[in-house]
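All ligand and atom numbering here is 1-based and tracks the order in the structure. Small disclaimer: the values here were computed from a predicted structure and weren't measured.
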Amino acid sequence: MYQMLDPKTLTVLITGGTSGIGAATARRFLAAGSKVIVTGRRADRLAALAAEFGDAIHTLELDVRDWEATQAAFAALPDPFANYNVVCANAGLAMGLEPAQAANMSDWEEMVATNINGVLYTVRATLPSMIARGEGHVVFTGSVAGDYPYPGGNTYGATKAFVKQFSLNVWADVVGTGVRVTNVEPGLTETEFSIVRFKGDEDRAGKLYEGVKHLTGEDIAEQIFFCCTVPRNVNINRIHALAADQSFSALSVKRR
Ligand code: NDP
Ligand code: 8X3
């Protein structure tokens, strides 16, 4: 019989586990008996998770845009969480949907700081110890926006293109060390993502998913769980998944 990895042997560190895909991923692994470290900035969400899951979870209030804090927090994890063997570099966000010529520079800077720097900090702070233990897995949350341009996607899509190429290059570096690398690239997924993108406008965010068979955080969590539990002779480089009601646009032509 084909033997998947026992999830009870996994200790999973998830950045951005206070909502959406990260929170669903934490719940998926916890339900299967893994230990989980959840990070995020919202202390109330972290406290609620800690109260719900007790000894199986370790929570860290952490802003991934801060290199010193990220490095220090991951170096000081208590036993048994210090021996993590999965790292989900998931924390990320889109800010705004304005065209490049009208976008706020602060929105662009926040996306670069979170989706690029935050991912770099997470990976650089965790790879050496997993390599030293001879076992690990980095799972990035990329996006279909890293492949397909759309109006207003300018910097967000570019950060996810960075994540895709970075994940492939990290794999080129760590191949043979026992550490695996996967970029999970979801399409339209209903989480708090659009509420953040539209700066708290819940009506506008909700309309995006109305009447559409969209993806859910649980769908993506299941994909991440699968990638992490396939036998150790397998490395899934990318999972690219659109929602059932989502497809491609034709190239646009501007008529005068
Ligand atoms: P959510 O807004 O629901 O979750 C985002 C998570 O990231 C939260 O836990 C948030 O925690 C955390 N986060 C954001 N900024 C920081 C920061 N500076 N430091 C630490 N944590 C941070 O959205 P999603 O679950 O959808 O987003 C998760 C990932 O999935 C992102 O990388 C996103 O780009 C990607 N993605 C989303 C898609 C979608 O359609 N929803 C599709 C494709 C990819 P807190 O606020 O507590 O810090
Ligand atoms: C989020 C998916 O299409 O809204 O990464 O940019 S999309």
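- Of the N or O atoms in Thr191, one or more lie within a sub-3.5 Å distance of an N or O in ligand 1.
- Between Phe140 and Phe166, the ring planes are perpendicular. Angles over 60° get that label, and only those under 30° would be called parallel.
- Scanning the protein for heavy atoms near atom 14 (C) of ligand 1, the closest one is Arg41 NH2, 3.4 Å.
- At under 3.5 Å, a nitrogen or oxygen of Ile21, whether backbone or side chain, sits near a nitrogen or oxygen of ligand 1.
- Looking at Asn90 against ligand 1, both its backbone and its side chain come within 4.0 Å, counting heavy atoms.
- Set against the non-hydrogen atoms of Gly20, the atoms of ligand 1 under 4.0 Å away are 3 (O), 25 (O).
- Atoms CD and CD, from Glu190 and Glu210 in turn, are 9.5 Å apart once rounded to the nearest 0.5 Å.
- Atom CD1 of Ile220 sits about 9.0 Å away from atom OG1 of Thr141, to the nearest 0.5 Å.
- With side-chain heavy atoms closer than 4.5 Å counting as contact, directly or through intermediates, the hydrophobic cluster containing Tyr148 also holds Val144, Leu242, Phe248.
- With sequence neighbours excluded, the residues forming a salt bridge (Lys or Arg N to Asp or Glu O under 4.0 Å) with Asp107 are Lys199, listed by chain and number.
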For each nitrogen or oxygen atom of ligand 2, which protein N/O atoms lie closer than 3.5 Å, and how far apart are they, rounded to 0.1 Å?
residue  : atom  : partner : partner atom : Å
ligand 2 : 5 (O) : Ser143  : OG           : 2.6
ligand 2 : 5 (O) : Tyr156  : OH           : 2.6
ligand 2 : 6 (O) : Tyr150  : OH           : 2.5

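- Not a single heavy atom of Arg45 sits under 4.0 Å from any atom of ligand 1.
- At least one side-chain heavy atom of Arg232 sits less than 4.5 Å from a side-chain heavy atom of Arg180.
- Interface of Asp63 with ligand 1, defined as ligand atoms under 4.0 Å from a residue heavy atom, comprises 17 (C), 18 (N), 19 (N).
- Annotation: Gly16 places an N or O atom under 3.5 Å from an N or O atom of ligand 1; distance criterion only.
- The only member of Thr122, Val87, Val119, Leu62 that meets side chain to side chain contact (heavy atoms under 4.5 Å, CB included) when paired with Thr15 is Thr122.
- Remark: distances from the non-hydrogen atoms of Gly17 to ligand 1 include one below 4.0 Å.
- When the heavy atoms of Ala91, Gly187, Gly22, Gly118 are ranked by distance to atom 42 (C) of ligand 1, first place goes to Gly187.
- By the criterion of a heavy-atom distance under 4.0 Å, neither the backbone nor the side chain of Glu185 is placed next to ligand 1.
- Using a 4.0 Å cutoff on heavy atoms, Asn115 does not count as a contact of ligand 1.
- Counting heavy atoms of neighbouring residues, nucleotides and ligands inside a 6.0 Å radius, atom CG of Asp55 does not exceed 12 of them.
- Among all non-hydrogen protein atoms, the one lying nearest atom 30 (O) of ligand 1 is Thr141 CG2, 3.2 Å.
- Close contacts between ligand 1 and Pro186 involve ligand atoms 42 (C), 43 (C), 44 (C) [criterion: under 4.0 Å to a heavy atom].
- In terms of protein heavy-atom proximity, atom 36 (N) of ligand 1 is nearest to Tyr156 OH, 3.7 Å.
- Looking at ligand 1, you won't find any N or O of Tyr209 less than 3.5 Å from one of its N or O atoms.
- Under 3.5 Å, the side chains of Asn237 and Asn235 contain a donor-acceptor pair of N or O atoms.
- Interface atoms of ligand 1 facing Leu62, defined by a heavy-atom separation under 4.0 Å, are 19 (N), 20 (C).
- Around CD of Glu202, the count of heavy atoms belonging to other residues, nucleotides or ligands within 6.0 Å does not exceed 12.
- The shortest side-chain heavy-atom distance between Val174 and Met130 does not fall under the 4.5 Å cut-off.
- Atom CZ in Phe29 sits 10.5 Å away from atom OG1 in Thr11 (nearest 0.5 Å).
- Scanning all protein heavy atoms for the shortest distance to atom 9 (O) of ligand 1 gives Thr18 OG1, 2.7 Å.
- Under the 4.5 Å side-chain criterion, counting only non-hydrogen atoms from C-beta, Leu97 is in contact with Tyr150.
- When the heavy-atom distances from atom 44 (C) of ligand 1 to Ala113, Gly142, Ala243 are ranked, the shortest goes to Gly142.
- Of all protein heavy atoms, the one closest to atom 4 (O) of ligand 1 is Ser19 OG, 3.1 Å.
- With sequence neighbours excluded, the residues forming a salt bridge (Lys or Arg N to Asp or Glu O under 4.0 Å) with Arg65 are Asp63, Glu110, listed by chain and number.
- Looking at Val163, Leu46, Thr189 and measuring to atom 39 (C) of ligand 1, the nearest heavy atom belongs to Thr189.
- Checked against a 3.5 angstrom limit, the closest N/O atoms of Val64 and ligand 1 fall inside it.
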Residue pair Arg28, Glu218: steps toward the salt bridge (Lys or Arg N to Asp or Glu O under 4.0 Å) verdict: CA-CA 8 Å; Arg28 180 65 183 91; Glu218 287 72 25; over 6 Å; no
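- Between Phe53 and Arg27 the shortest side-chain heavy-atom distance falls below 4.5 Å.
- With a 4.5 Å cut-off on side-chain heavy atoms, Val253 and Leu251 do not count as touching.
- Annotation: atom 5 (C) of ligand 1 to nearest protein heavy atom, Gly92 O, 3.8 Å.
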